[in-house]
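Read the structure below first, then the notes.
To find a chain, count down the sequence lines: A is the first, B the second, and so on, and within it residues start at 1. Please read these numbers as outputs of a predicted model, since none were measured by experiment.
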Amino acid sequence: MHTNALYGFHNMLEVIVDKEKPTHALVAFDAGKTTFRHKYFEEYKGGRSKMPSEFAEQIPYMKDLLKGFGLKSYELPDYEADDIIGTLAREAEEKGFEVVVLTGDRDLTQLASDHVRIDITKKGVKDLKEHTKDSIQEEMGITPEQIVDMKGLAGDASDNIPGVTKIGEKTALKLLHEYGSVENLYEHIDEMKKSKRKEYLIDEKETAFLSKKLATIDRDAPVEISLDELDYDGQDMEALISFYKEMDFNSHLSKLDTTDYMEELAEELTEIDSTFVEEIDASMFKDGMALYTEMLDENYHHSEIICVAWGNKDNVYVADPKTVFQSDAFKNWIEDEAMQKVVYDAKQTYVALNRNELTIKGISFDIMLASYLLTAEDSSSGDLVDVAVKHDYQGVSPDEMVYGKGKKISRPEDESRMHDHLARKVLAINTLSETLDKELKENEQEDLLKKMELPLAMVLAEMEIQGITADAERLEKMKGEFQETLDRVEKQIFKEAGEEFNINSPKQLSVILFEKMGYPVIKKTKTGYSTAQDVLEKLRDQAPIVEYILEYRQISKIQSTYIEGLLKVIDPETSKIHTRYLQTVARTGRLSSVDPNLQNIPIRLEEGRKIRQAFVPREKGWKIYASDYSQIELRILAHISEDEHFIKAFNDDEDIHTTTAMRVFDVDDASKITPNMRRDAKAVNFGIVYGISDYGLSQNLNITRKEAKEYIDTYFERFPGVKTFIDEIIRQAKEQGYVETLFHRRRYLPDINSRNFNLRSFAERTAMNTPIQGSAADILKMAMIEMNKRIKEEKMQATMLLQVHDELIFEVPEAEIEKLEKLVEEVMENTVQLSVPLKVDSSYGDSWYDAK
DNA sequence: TCTCCACTCT
DNA sequence: CATGAGAGTGGAGAT
């Protein structure tokens, strides 16, 4: 369910209640589609499109939200919310109240008076503009009362109020300055000079009066709620908490004074049995038990285990790490492959135990991975409770409740709270492993977990622990050099600008560029002028300063993120960097890499590429060895779409972009394809994979939209299989609500049938891209598992270090290079058989930079 | 501490 | 009306 409108409405209420501190308050709703105004004019508010279902579905919950805020709401048949507001505002003002009307509707400005102020949302919901009688007079040049006269003459397109032909706001304003009101205008209409306008006014006199009447808010509606009933006395905590919980408004939940809430939560959790043990014996371990190792920091490479729990539905044991890691029984259990263990986050568990000299074997299920396979929703917070709640298991609390959050994260003073928390996690893992296993089987995704993600987790754990060696001295040296460049470029920018400012601040930069120096604004962002790269590039010819800015930005990114950033994460003892691969964030099945991200080390531009010189083998004389799949996504597209031309091109080992150019530009000889034609064809190929529009392609290739459309049309004509694939996959997505990769990885697309064009288009592009990108991810994952296995079988010293979406990076002794070359190609090219061959390109050198 | 922008990668 | 997929990080500025 969408909750965006509720969220926005909530924030608005929060701001207004806090700011205005009302003594009385009411929220007015429209009662229905028709009102008394429709009796005069059937088409009133006609032509409005239906309320989007995303919004409509939220309305029933508004009442719950209001209850939580302790606010009354009211609606009146045949009247609009405006009339209720108008009537009560009048009454309140008469009784001496100061009234504030909060609305998103400009029509209400007509209610402004000496003691009635109208606040209208400007942007978002928190940004309000106050309208008083005087400010309206000043801005519009008329009094609030005259607003309805204005609409009588000029009409209002949004409410379908007709007004008088040929009279818009400007003319209406002029007429009102002269005559004051619609009534007075018609009293003096004879004095008006003969003109077309006069004829219209005379002909449409009735319409003018009708329009005014329609626009006028009824300030005498038969409202049956009295002001006394509207006194406001604060939030209803119970109602608010249950609303927050239902809507998953966790940030609001945590903002509340949580002491009461936590007590309530604790009461909700049924008592569970667990044993805190100080001595461990073999009888405490059974096949199929769940295991959980608690750490306070998400980076398990550094964070210490603070508590360990294990067990099944019969017995749950909790123990201190000290106890656990001294126990032989525990070690025997962990390292016994035949004793199956169920966990939450297998990779984290592996690494954490590994740091305590234990190698866990026999992990048979991981509820985090299973949950990710079932829904591919973000569970990156790392908290088990998210997975539990998603699968309707209510028996655990969020970590935040036990340990606190942010800087204040720590062991609870009452250790038994932590023990209870962990015991609950163990029970959750036990229970959920059964339900999720069943669901995986129903989706034919069991292999995906047990043969792909789970074995991969073990491989990734080894890679992360291994780490890649980084040359800190090299980085330090580069840091000095880049700093010189930065200083030099900075001086030039200040000289051009005529003043000093923070170049890193887009806000300050846009003031310099677009206000002080007066260059044309090409694009705007949500918050101001865009100074993005593509914008600056368009200013290049007229603005010498942008050349320097682009250079400054490029270098300062290298400096802050890659040099200083990497230096911070090199282990000073071992000179190694240990990234963490996140296995459950990318919705396509790709991995991501954090702390640091080693999947986006610069390569495109030479200055940045030099960073790769700092990534070196762990032993002298060894090499960094890199293998990447050539065109894997297009090959998968060829395979899935079964497009005969695509398949033939790959089977004949043709240059795919050249072949595409030949077909799209209708050239029969490859030698007649110019580099530009090939470049364009390449852009089209990529565009197709991502579901580009003609607009996007035109921007990309700097051609007209029409030309881009022709490219795309011709492409589909010449590669009919691709067109069929796209149509078919979208149809399938609409029908079943999800798409799948070649290996049954699923992605649900709830927006695929949305009436919102943008949401629907986005879902359609996802429908075509996910099977391609996701299948590529699957293939590399399988290749990694196989590579890891083969390297061990062959007892090689070569080590797999990194994965970058379609490539694998190894470090290898010189003597093993040839063997590795053969092995990598064999494994990567043959782990999966498609209807086109998979091809791998490899290279090696003394550093990652040199492996090109 | 969060959000936005700009930059990096496949 | 907006306009090609999937990611993460750092700095500025707002909250």
Side-chain angles (χ1 to χ4, degrees), chain A residues 11 15 124 126 251 254-255 376 378 380 405-408 501-510 523 525-536 549-550 552-566 568-569 579-582 585-605 607-609 611-612 628-629 631-633 683-700 705 708 712 747 756-762 764-774 776-777 780 802-807:
Chain A
N11 291 349
V15 168
K126 290 190 179 173
S251 64
S254 57
K255 264 194 304 192
D378 183 17
S380 57
K405 69 169 188 174
K407 262 183 142 175
K408 285 177 286 200
F501 62 102
N502 187 342
I503 307 166
N504 283 321
S505 161
K507 202 175 162 191
Q508 294 184 31
L509 175 63
S510 63
K523 199 165 70 178
T525 66
K526 269 181 268 180
T527 50
Y529 308 126
S530 168
T531 63
Q533 200 170 11
D534 59 322
V535 170
L536 296 191
I549 292 166
L550 288 167
Y552 183 90
R553 280 200 180 149
Q554 189 202 329
I555 305 290
S556 87
K557 177 71 179 176
I558 296 172
Q559 189 75 307
S560 61
T561 305
Y562 296 105
I563 296 192
E564 290 166 3
L566 287 174
K568 269 185 244 166
V569 293
T579 183
R580 277 157 53 227
Y581 289 102
L582 303 187
V585 295
R587 316 246 291 185
T588 53
R590 273 189 179 181
L591 300 175
S592 73
S593 158
V594 293
D595 288 345
N597 181 356
L598 292 183
Q599 290 181 319
N600 71 347
I601 302 301
I603 188 168
R604 201 169 39 90
L605 300 169
E607 291 93 326
R609 190 176 197 153
I611 297 290
R612 293 177 175 232
D628 70 293
Y629 278 116
Q631 312 289 1
I632 189 167
E633 293 197 340
V684 180
N685 269 331
F686 275 97
I688 296 296
V689 171
Y690 300 141
I692 203 174
S693 65
D694 48 9
Y695 174 85
L697 186 65
S698 71
Q699 290 293 302
N700 220 307
R705 195 168 161 169
I712 294 174
R747 179 164 181 185
N756 178 323
F757 176 84
N758 282 325
L759 290 179
R760 188 177 65 247
S761 304
F762 191 77
E764 286 173 359
R765 293 195 293 272
T766 312
M768 51 196 275
N769 177 261
T770 295
I772 299 172
Q773 194 186 112
L780 192 56
L802 302 175
Q803 188 254 40
V804 193
H805 308 307
D806 68 354
E807 65 176 323

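A:R765 contributes no side-chain N or O that forms a donor-acceptor pair with the base of C:dG4 under 3.5 Å. The base of B:dT8 does not come close enough to the side chain of A:R604 for any donor and acceptor atom to sit less than 3.5 Å apart. Side chain A:N700 to base C:dG4: a donor-acceptor pair is found below 3.5 Å.
Atom CD1 of A:I555 is separated from atom P of C:dG11 by 16 Å (rounded to the nearest Å). Atom-to-atom, CG of A:L566 to C1' of C:dG8 comes out at 13 Å; the value is rounded to the nearest Å. What separates CG of A:L591 from P of C:dG8 is a distance of 11 Å, to the nearest Å. For A:L605 and B:dC7, the CG to P distance is 12 Å, given to the nearest whole Å. For A:R609 and B:dC9, the CZ to C1' distance is 13 Å, given to the nearest whole Å. Atom CD1 of A:I611 is separated from atom C1' of B:dC9 by 13 Å (rounded to the nearest Å). Put simply, CD1 on A:I603 is 20 Å from P on B:dC7, counting in whole angstrom units. Rounding to whole angstrom units, CD of residue A:Q599 and P of C:dA5 are separated by 19 Å.
In this structure, A:L536 and A:R553 have side chains that are in contact, with non-hydrogen atoms separated by less than 4.5 Å. Contact of the A:Q699 side chain with the A:R705 side chain is not registered, since no non-hydrogen atoms from C-beta on lie closer than 4.5 Å. Using a 4.5 Å heavy-atom cutoff, the side chains of A:I692 and A:F686 are not in contact.
Note on A:Q508: only backbone sugar-phosphate atoms sit closer than 4.0 angstrom, heavy atoms only; bases stay farther off. Within the 4.0 angstrom heavy-atom criterion, only backbone atoms of the sugar-phosphate kind lie near A:S593; the bases stay farther away. Residue contacts shown for A:R553 are limited to sugar-phosphate atoms, with no base heavy atom under 4.0 Å away. No contact: A:I688 has no heavy atom under 4.0 Å from any strand. The residue A:T561 sits close only to the backbone: its heavy atoms come under 4.0 Å of sugar-phosphate atoms, none of a base. A:N502 comes within 4.0 angstrom of sugar-phosphate atoms only, judged by non-hydrogen atoms across all strands, and of no base. As judged by a 4.0 angstrom heavy-atom cut-off over every strand, A:F762 is placed among residues touching the sugar-phosphate backbone only. Counting non-hydrogen atoms under 4.0 angstrom, A:N597 reaches the backbone sugars and phosphates but no base. At a threshold of 4.0 angstrom between heavy atoms, the contacts of A:S761 with the nucleic acid are absent. Counting non-hydrogen atoms under 4.0 angstrom, A:I601 reaches the backbone sugars and phosphates but no base. Among the atoms of the strands shown, only primed sugar atoms or phosphate atoms (P, OP1, OP2) are found under 4.0 Å from some heavy atom of A:Q533. Base engagement by A:G687 is indicated by at least one non-hydrogen atom pair under 4.0 Å involving a base atom.
The main-chain N or O of A:L598 is found under 3.5 Å from a side-chain atom of A:S593 such that the two form a donor-acceptor pair. Here the side chain of A:Y629 pairs no donor or acceptor atom with the backbone of A:L780 at under 3.5 angstrom. Here the side chain of A:T561 pairs no donor or acceptor atom with the backbone of A:I558 at under 3.5 angstrom.
Relative to the side chain of A:S560, the nucleotides B:dT8, C:dG10, C:dG4 differ in distance, and C:dG10 lies closest. For A:E807, the side-chain atoms get nearest to B:dT10 when compared with the rest of B:dT10, C:dG8, C:dG6. Checked against C:dT3, B:dT10, B:dT8, the side chain of A:R705 finds its nearest nucleotide in C:dT3. Here C:dA7 is the nucleotide among C:dG4, C:dA7, C:dG11 with the atom lying nearest to any side-chain atom of A:R587. Of the listed nucleotides (C:dG6, C:dG4, C:dG8), C:dG8 has the atom at the smallest distance from the side chain of A:S592. With C:dG6, C:dG13, C:dG8 as the candidates, the nucleotide lying closest to the side chain of A:V594 is C:dG8. Among C:dG8, C:dG13, C:dG6, the nucleotide with an atom closest to any side-chain atom of A:S505 is C:dG13. Between C:dT3, B:dT8, C:dA12, one nucleotide has an atom nearer to the side chain of A:P602 than all others, and that is B:dT8.
In this structure, A:R747 reaches the C:dG6 phosphate: one of its side-chain N or O atoms is under 4.0 Å from OP1 or OP2. Contact between the side-chain N/O atoms of A:T531 and the OP1/OP2 oxygens of B:dA6 is found at a separation under 4.0 Å. Side-chain nitrogen and oxygen atoms of A:S693 include at least one within less than 4.0 Å of the OP1 or OP2 phosphate oxygen of C:dG4. Residue A:K507 has no polar side-chain atom (N or O) positioned under 4.0 Å from OP1 or OP2 of C:dG11.
A:L591 contributes atom CG, which lies 11.5 Å from atom CG of A:L802 (distance to the nearest 0.5 angstrom).
In this entry B:dT1 has C:dA14 as its Watson-Crick or G-U wobble partner, both defining distances falling under 3.5 Å.
Only the C1' atoms considered, B:dA6 is 25 Å distant from C:dC1, to the nearest whole Å.
An aromatic stacking contact links A:Y690 with the base of C:dA5, defined here by ring centres under 5.5 Å apart and ring planes under 30° from parallel.
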Going through the distances and angles, do A:Y690 and A:I772 end up as a side chain to side chain contact (heavy atoms under 4.5 Å, CB included)? CA-CA 9 Å; A:Y690 300 141; A:I772 299 172; over 6 Å; no

